[in-house]
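Report on the structure given below.
In this text the structure is predicted, and so the values were computed from the model without any measurement.
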Amino acid sequence: MKHAYNVGFVFISLSIIFVLGETNVTPSEQCQGQNFDNLSERIQIIPCRKTGCKLQKGTNTTVIFKFKPDQEVKTLVNDVYADIGGIPLPFIGVTGVSACPQVTRSDGSPAPCPLAAGEEYTYTNVFPIESFYPSVKLRVHWALLDGDKKIICFEVPAVITPPKH
């Protein structure tokens with residue numbers, strides 16, 4: 001009987017890992033003219049699937065990604081917008097805001113700016129999908145800037161969906 005329990009537990013555990021692995025895949029792409037190493041392995045947006053992200057109005061979206069600056073970063077600012085039919089619409093409350101408070105070192109401790117060159121950092125941000133956003137397909141453009149220099153930049157296909165009732 002103990003063997004059957006262990007097999008069932010292993011099956012359930014593997015099923016959960018598979019489902020979580022599938023739901024945490026983020027279909028990120030390089031920004032035009034940029035090339036960041038292993039970009040798709042560095043980025044996780046929740047909720048996302050292999051084909052895109054469904055951003056439901058009235059919920060929060062979590063963005064987590066790792067980056068390693070090649071030079072000291074004095075200031076780090078979010079540059080986040082929705083590209084809808086070639087028109088960039090900024091995410092209110094995210095674009096133009098300092099990203100320094102959302103950055104940690106690999107051990108999880110806060111990493112206040114300036115950031116050192118060659119050290120890996122993790123950025124985590126939770127932001128709302130506002131009820132007034134249009135229900136539309138879009139591309140989310142996310143970059144962290146130090147002045148005009150892009151420290152990391154990626155785009156993700158997404159759709160904003162109505163709230164569930």
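Annotation: side chain of Thr122 is in contact with side chain of Ile64 (closest heavy-atom distance under 4.5 Å). You'll find the side chain of Ile46 reaches within 4.5 Å of the side chain of Gln44, heavy atoms only.
In the hydrophobic clustering of ILVMFWY residues, with side-chain heavy atoms under 4.5 Å counting as a link, Val97 and Phe67 come out apart. A chain of hydrophobic side-chain contacts below 4.5 Å, direct or via other Ile, Leu, Val, Met, Phe, Trp or Tyr residues, connects Val94 to Ile84. By the rule that hydrophobic residues join a cluster once side-chain heavy atoms approach within less than 4.5 Å of another member, Val63 and Leu89 end up as members of one cluster. In the hydrophobic cluster analysis, where Ile, Leu, Val, Met, Phe, Trp and Tyr join through side-chain heavy atoms closer than 4.5 angstrom, Ile92 is grouped together with Ile87.
For Asp79 and Tyr81, the side-chain atoms include no donor-acceptor pair closer than 3.5 Å. Of the N and O atoms on the side chains of Thr161 and Lys57, not one donor lies less than 3.5 Å from an acceptor on the other residue.
Considering only residues two or more places apart in sequence or on other chains, Lys54 meets the salt bridge (Lys or Arg N to Asp or Glu O under 4.0 Å) condition with none of them. In this structure Glu130 satisfies the salt bridge (Lys or Arg N to Asp or Glu O under 4.0 Å) test with no other residue, sequence neighbours excluded.
For the pair Pro128 and Asn60, the tightest heavy-atom approach, listed with the atom from each and the gap, is CA-OD1, 3.3 Å. Smallest separation of non-hydrogen atoms from Lys66 and Ile152: O-CD1, 3.7 Å. The shortest heavy-atom contact between Pro69 and Ile151 is CB-CG2, 4.2 Å. In terms of heavy-atom proximity, Gln56 sits nearest to Ile129 at O-CB, 3.4 Å. For the residue pair Asn78 and Ala99, the shortest heavy atom distance occurs at OD1-CB, 3.8 Å. Between Val73 and Asp146, the shortest heavy-atom distance links the atoms CA-OD2, 3.3 Å.
We find that Glu155 and Arg139 are joined by a salt bridge, their nearest charged nitrogen and carboxylate oxygen being less than 4.0 Å apart. Taking 4.0 Å as the cut-off between side-chain N and carboxylate O, Lys137 and Asp83 do not count as a salt-bridged pair.
For the atom pair Cys113 SG and Glu72 CD, the distance stands at 9.5 Å (nearest 0.5 Å). In this structure, Ile45 CD1 and Thr62 OG1 are separated by 10.0 Å, a value rounded to the nearest 0.5 Å. Within the model, atoms CG of Leu145 and CG of Asp148 stand 8.0 Å from one another, a figure rounded to the nearest 0.5 Å. Note that CG of Leu138 is 9.5 Å distant from SG of Cys53, once rounded to the nearest 0.5 Å. Note that the CZ atom of Phe91 and the NE2 atom of His141 stand 11.5 Å from one another [nearest 0.5 Å].
Two rings, from Phe127 and Trp142, have their centers less than 6.0 Å apart.
Residue pairs meeting the salt bridge (Lys or Arg N to Asp or Glu O under 4.0 Å) criterion with at least one member in residues 96-116, sequence neighbours excluded: Arg105-Glu119.
Put simply, the side chain of Tyr123 never gets that close to the backbone of Leu144: no donor and acceptor are under 3.5 Å apart.
Exactly one of Val140, Leu55, Asn125 qualifies for a side chain to side chain contact (heavy atoms under 4.5 Å, CB included) with Thr61. That residue is Leu55.
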